[in-house]
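One structure below.
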Amino acid sequence: MRRFDLVVSLVCCALLGYFAWHAFEGPRGFPYRDGLAIEAARLDVKHEALRAERMQLENKVALLRPESIDPDLLDELARGTLELAKPGDVVAFTAKYAQ
């Protein structure tokens, strides 16, 4: 009986060691968890940047709605899209258009 208890104890200790090693060094162990935490932090930063960009676009769209149109923004967008200027405006060309 004593030998059986010793064998069972050794097998249990071996299994415990096996699972403990995989918890610390295995492919889904603590290093993997730390990598996931770093990835989650990076994605949180990206999410906040996208949320800020979305809020900026929503504010711009709100200014273009018919019930609350901003004349200055409308004028700026129309000039930029149609590439037109008033007779008294000074036009500066960038390297994109200069040839």
### Message
Clusters formed by hydrophobic residues whose side-chain heavy atoms approach within less than 4.5 Å: which one holds Leu43, and what are its other members?
### Response
none
### Query
Can you list the residues that meet the side chain to side chain contact (heavy atoms under 4.5 Å, CB included) rule with Val8, with sequence neighbours excluded?
Phe4, Cys12
#### Entry: Qualifying salt bridge (Lys or Arg N to Asp or Glu O under 4.0 Å) pairs with a residue from residues 16-41, counting only residues at least two apart or across chains
Glu39-Arg42
### Message
Please give the remaining members of the hydrophobic cluster of Leu10, linking ILVMFWY side chains under 4.5 Å, ordered by chain and number.
### Response
Leu6
#### Entry: All pairs passing ring pair (Phe, Tyr, Trp, His ring centres under 6.0 Å) where residues 23-52 contributes a residue, at least two apart
Phe24-Phe30
## Note on the structure
residues 55-65 vs salt bridge (Lys or Arg N to Asp or Glu O under 4.0 Å), sequence neighbours excluded, gives Arg54-Glu58
### Message
Please report the interatomic distance CE(Met55) to CG(Leu50), rounded to the nearest 0.5 Å.
### Response
13.5 Å
### Summary
Applying side chain to side chain contact (heavy atoms under 4.5 Å, CB included) to Val7 and not counting sequence neighbours gives Val11
### Partners passing side chain to side chain contact (heavy atoms under 4.5 Å, CB included) against Leu57 (at least two apart in sequence or in another chain)
Glu53
#### Entry: Main-chain N/O of Pro71 paired with Asp75 side-chain donor or acceptor, under 3.5 Å
no
